[in-house]
Colleague: 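Once you've had a glance at the structure underneath, I'll fire off some questions.
The chains referred to below are lettered A, B, ... by the order of the sequence lines, with proteins before strands, and numbering in each begins at 1.
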Amino acid sequence: MASLGKPTIVWLRDDLRLADNPALTAGARIGAPLVVVYVLDEMSEGIRRLGGASKWWLHGSLDASGKALAKHGQRLVLRHGPAQDVLLKLADELGAGHVFWNRRYGGGERAVDAAIKAGLKDRGIAVESFQANLLCEPWTIRTKADQPFRVFTPFWNACRTQMPPREPLPAPDELPSPVDGVGSDSLADWKLLPTRPDWAGGLRDSWTPGEDGAQARFQAFRAEKLKDYAAHRDEPAADVSSRLSPHLRFGEISPFQLWHGVSPEGLGDGTKISQANVDKFLSEIGWREFSWHLLFHQPDLAMRNFQPRFDAFPWPAVNEAALVAWRKGRTGIPIVDAGMRELWKTGFMHNRVRMIVASFLIKNLMVDWRIGEAWFWDTLVDADAANNPASWQWVAGSGADAAPYFRVFNPVLQGEKFDAAGDYVRRFVPELADVPAKQIHAAWKAGGVPGYPGPIVDLGATRERALRAFQQMREDDVDSSSGFDDD
DNA sequence: CGCCGATTCAC
DNA sequence: TGAATCGGC
């Protein structure tokens, strides 16, 4: 029997798709027996452990990946532990000839991948990584002053000079056969599903993890929503957002597929979708790219203020009761409660509402943005290591290209402006089902509603308090930088 | 990817 | 009067 050659390993990470997967395509081309592996790494330093909602999604996505590979006569091997130990052990166990993966961009992840690449090369194993999950890899663009970008618009303009990106790859027609006898964990043993069955039920009703689910969402978005995207994307009741964020997070669909999918060729003739809609959608993809650019250059973005002057901000002791009310959606501010309940029920929140609830927590409750970021990390199915902290810092004013500190959202006005009919609030706050639209965003002013709390804070007074605190921080910063603070 | 109060200007 | 505009926060 002729030797089929040393086995090839394709290591799947945040790229749980068969189409437009350069590592998988490269692995298939070698023609040697193929092992496709996913490693649950909850131990390596600098890699953030998944939140609860992300674990739920990962379970579904891995399940879907395994089934998709099975259709190609392949399988998904599951291993757990520090990725470096696991990968090198697997390579040794198989006597692997090649190892392929698609690149990651977080600090801890890059360190792990570099160490593994070195270890494999020491063994004489060929190893190659690919660009698959970002249109513009962070090291490829700099400002004219040779600095990383700190402002979105020039970043995105620079990124767009690299467009169009490469064409997405088709899924491999066929995959080489697997290697017999390779041990795999059981997905159920990883216990990724939440122990609270009510939570899992809400997530299950809202989402279909996996590549097929991602493609279905994208097709529906292009066919039904994209034409109204620019005009209505800020209205949480409008249902024109793509809801692709968790699919992108886990790499079930790639930005290359999205870019080409909304190009004139991708949309096909006769769709009559304006360029303004397409540009708006792509700019949201651009914000994701920008967040990863920021995280690449500041790997501890989830912990450290992007603007150091915010390190001196005098966060008061956390009011636990208020924090619990925020998490549970019982603040008495309708648009805030609707958002927080949407989050708990579905693992998702409309982007406009994310800004409102974040502003309320940071400015009105004066809670450190990290605490809100951590809650989103745990409860969002799309919790993204770059987008989440970058967006929280944007709202806090501590981030790159951030909203100025004095921009305090008024949740009543925001509700009246973006949920004028009150439909979003009614959808998630049934206590307010019978309140007329004109009153629903400030229900307490009309005497309140039985069973629904009044506002836990006074919006005007807390706004003033926030402005004073930020002003104080700014003055302290000037004092300390001028060196007179010791006099 | 604001808010708010003051001012201006149309009616 | 009240909608639009402007500037400080």
Colleague: With sequence neighbours left out, what residues match A:Glu320 under side-chain hydrogen bond (donor to acceptor under 3.5 Å, both in side chains)?
Modeller: none
Colleague: Using the ring pair (Phe, Tyr, Trp, His ring centres under 6.0 Å) criterion, which residues pair with A:Phe376? Sequence neighbours excluded.
Modeller: A:Trp392
Colleague: Using the test ring pair (Phe, Tyr, Trp, His ring centres under 6.0 Å), find all partners of A:Trp444 that sit at least two apart in sequence or belong to another chain.
Modeller: none
Colleague: Which residues in residues 403-421 of chain A have at least one heavy atom lying under 4.0 Å from any atom of DNA chain B?
Modeller: A:Phe406, A:Arg407, A:Val408, A:Phe409, A:Asn410, A:Leu413, A:Gln414
Colleague: Name all pairs fulfilling the salt bridge (charged side-chain N to carboxylate O under 4.0 Å, His left out) condition that reach into residues 144-156 of chain A, sequence neighbours left out, sorted by first residue then second.
Modeller: A:Arg142-A:Asp146
Colleague: Output all residues satisfying side-chain hydrogen bond (donor to acceptor under 3.5 Å, both in side chains) with A:Arg196, sequence neighbours left out; order by chain, then residue number.
Modeller: none
Colleague: Rounded to whole Å, how long is the line connecting atom CD of A:Glu464 with atom P of C:dG8?
Modeller: 17 Å
Colleague: With sequence neighbours excluded, what pairs up with A:Phe290 under the ring pair (Phe, Tyr, Trp, His ring centres under 6.0 Å) test?
Modeller: A:Phe152, A:Phe155, A:Trp287
Colleague: Can you say whether the rings of A:Trp139 and A:Tyr105 are parallel (under 30°), tilted (30 to 60°) or perpendicular (over 60°)?
Modeller: tilted
Colleague: Return the residues of residues 366-397 of chain A meeting this criterion: a heavy atom under 4.0 Å from some atom of DNA chain B. Order them by number, or give none.
Modeller: A:Trp394
Colleague: Please enumerate all residues that pass side-chain hydrogen bond (donor to acceptor under 3.5 Å, both in side chains) together with A:Gln131, with sequence neighbours excluded.
Modeller: none
Colleague: Along DNA chain B, 5' to 3', what are the outermost nucleotides having an atom less than 4.0 Å from a heavy atom of chain A?
Modeller: B:dC1 to B:dC4
Colleague: Can you name the salt bridge (charged side-chain N to carboxylate O under 4.0 Å, His left out) partners of A:Glu373, sequence neighbours left out?
Modeller: A:Arg48
Colleague: Applying ring pair (Phe, Tyr, Trp, His ring centres under 6.0 Å), can you list everything that pairs with A:Phe348, at least two apart in sequence or on another chain?
Modeller: A:Trp207
